[in-house]
Amino acid sequence: MTRSKLTTLTTAFMLMTTSQLAFASSKAITESELQAAQEAWGQALISISEAYSKGGRENAEQTARAVLDAAYGYNLGPVLFKPTLANGEQTFRTTYDGALAYFVGGNSAFAGDSGFALKGWQGYEFNNAAVHMNGDLALTMGHVTLTNKDGSVTTVDKTWGFKKDEQGDLRIVLHHSSLPYSAE
């Protein structure tokens with residue numbers, strides 16, 4: 001191969017790489033976007049609880065559907081969702097219907113679900129132990145503390161993966177939640 005062809009190939013490769021880097025950085029998730037997405041998730045959980053207390057399970061389901069449509073990436077493929085209180089063959093909820101059933105119950109295919117979001121949640125707090133951001137993907141790990149209408153507090157270990165979609169919206173593509181380990 002001649003020097004001229006190598007120079008042309010090198011230049012083309014550099015331009016392509018620069019173009020890809022510019023595209024990737026324009027889609028990069030910022031810390032403020034990530035924080036806003038976590039805050040929105042907490043507020044959405046409270047909204048589902050409020051919808052349930054004001055209008056019953058059907059009203060809560062409508063709200064939960066809006067939350068799933070806005071926050072989760074089921075339009076991007078399977079979401080890696082492991083709910084806090086799921087077990088057995090239905091531990092992992094990679095489908096929209098599985099997530100909806102977990103949040104509001106009422107689906108005979110997920111008979112063990114009573115509706116995690118229907119428990120009267122009124123407050124939430126996030127405490128990220130670590131955040132890893134890589135372009136259009138961000139991972140968080142830490143605790144989420146939820147407070148119900150009676151003032152009871154539940155803390156869960158939470159890992160999230162957020163991906164920025166083509167419209168620039170953050171979508172949850174990984175949601176793992178579990179109760180903290182107890183040696184008892």
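Because only heavy atoms are used, hydrogens play no part in the values below, and waters and symmetry mates are left out as well, while side chains stay in.
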Please determine whether the number of non-hydrogen atoms from other residues, nucleotides or ligands lying under 6.0 Å from atom CD of Gln43 exceeds 12.
yes
Does Gly142 offer a backbone N or O that forms a donor-acceptor pair with the side chain of Asn128 under 3.5 Å?
no
Check Gly123 against Ile46 and note the closest heavy-atom contact, atom names and distance.
N-CD1, 3.7 Å
Kindly compute the distance separating NZ (Lys163) from NZ (Lys27), expressed to the nearest 0.5 Å.
5.5 Å
Do Asp69 and Tyr96 have side chains that approach each other closer than 4.5 Å (heavy atoms only, starting at C-beta)?
yes
Quick check on side chain to side chain contact (heavy atoms under 4.5 Å, CB included): which of Val67, Leu68, Thr63 does Phe103 satisfy it with?
Leu68
Under 4.5 Å between side-chain heavy atoms, counting indirect links through other Ile/Leu/Val/Met/Phe/Trp/Tyr residues: same cluster for Leu45 and Tyr124 or not?
yes
Looking only at non-hydrogen atoms, find the nearest pair between Glu33 and Ala28 and report the distance.
OE1-O, 3.7 Å
When you compare the side chain of Leu170 with that of Ile29, does any pair of heavy atoms fall below 4.5 Å?
yes
Is it true that Trp41 and Phe162 have ring centroids separated by less than 6.0 Å?
no
Shortest non-hydrogen contact from Val156 to Pro180?
CA-CD, 4.3 Å
Taking all non-hydrogen atoms of both residues into account, name the closest pair between Thr140 and Val131 and its distance.
CG2-CG2, 4.0 Å
Would you kindly confirm whether Trp160 and Trp121 end up in one hydrophobic cluster when ILVMFWY residues are joined by side chain heavy atoms under 4.5 Å apart?
yes
Exercise: identify the closest heavy-atom pair between Met133 and Ala138:
CG-CB, 3.8 Å
Asp113 versus Arg93: any side-chain heavy-atom pair under 4.5 Å?
yes
Val104-Leu85 co-clustered via ILVMFWY side chain contacts under 4.5 Å:
yes
Could you grab the distance from atom CD of Glu125 to atom CG of Leu146, nearest 0.5 Å is fine?
10.5 Å
What distance separates His143 NE2 from Thr154 OG1, expressed to the nearest 0.5 Å?
13.0 Å
Are Leu139 and Phe126 in one and the same hydrophobic cluster, where Ile, Leu, Val, Met, Phe, Trp and Tyr link if side-chain heavy atoms are under 4.5 Å apart?
no
Would a 4.5 Å heavy-atom cut-off, applied to side chains only, mark Thr91 and Lys82 as touching?
yes
Side chain to side chain, Asn148 and Lys119, heavy atoms closer than 4.5 Å
no
Quick one: do His175 and Lys158 satisfy side-chain contact (heavy atoms from CB on, under 4.5 Å)? Show the steps, please.
CA-CA 7 Å; His175 175 162; Lys158 184 80 73 180; 3.0 Å; yes
Please round to the nearest 0.5 Å and tell me the distance separating atom CG of Leu118 and atom CD1 of Ile48.
8.0 Å
Does Arg171 reach the side chain of Tyr74, with side-chain heavy atoms less than 4.5 Å apart?
no
Test of understanding: clusters of I, L, V, M, F, W, Y form through side-chain heavy atoms closer than 4.5 Å, transitively. Do Tyr102 and Val173 belong to the same one?
no
Shortest non-hydrogen contact from Ala109 toward Gln90:
O-NE2, 2.5 Å
Surrounding CD of Gln35 (heavy atoms of other residues, nucleotides or ligands, distance under 6.0 Å), is the total greater than 12?
no
Are the side chain of Ser49 and the backbone N or O of Ala117 linked by a donor-acceptor pair below 3.5 Å?
yes
d(Met141 CE, Leu174 CG) to nearest 0.5 Å is 11.5 Å
Can you tell if the side chain of Asp165 reaches within under 4.5 Å of the side chain of Leu76, non-hydrogen atoms only?
yes
Compare all side-chain heavy atoms of Asn127 with those of Thr145 and state whether any distance is below 4.5 angstrom.
no
First locate atom OH of Tyr52, then atom CD of Glu61, and finally report the distance between them rounded to the nearest 0.5 Å.
12.5 Å
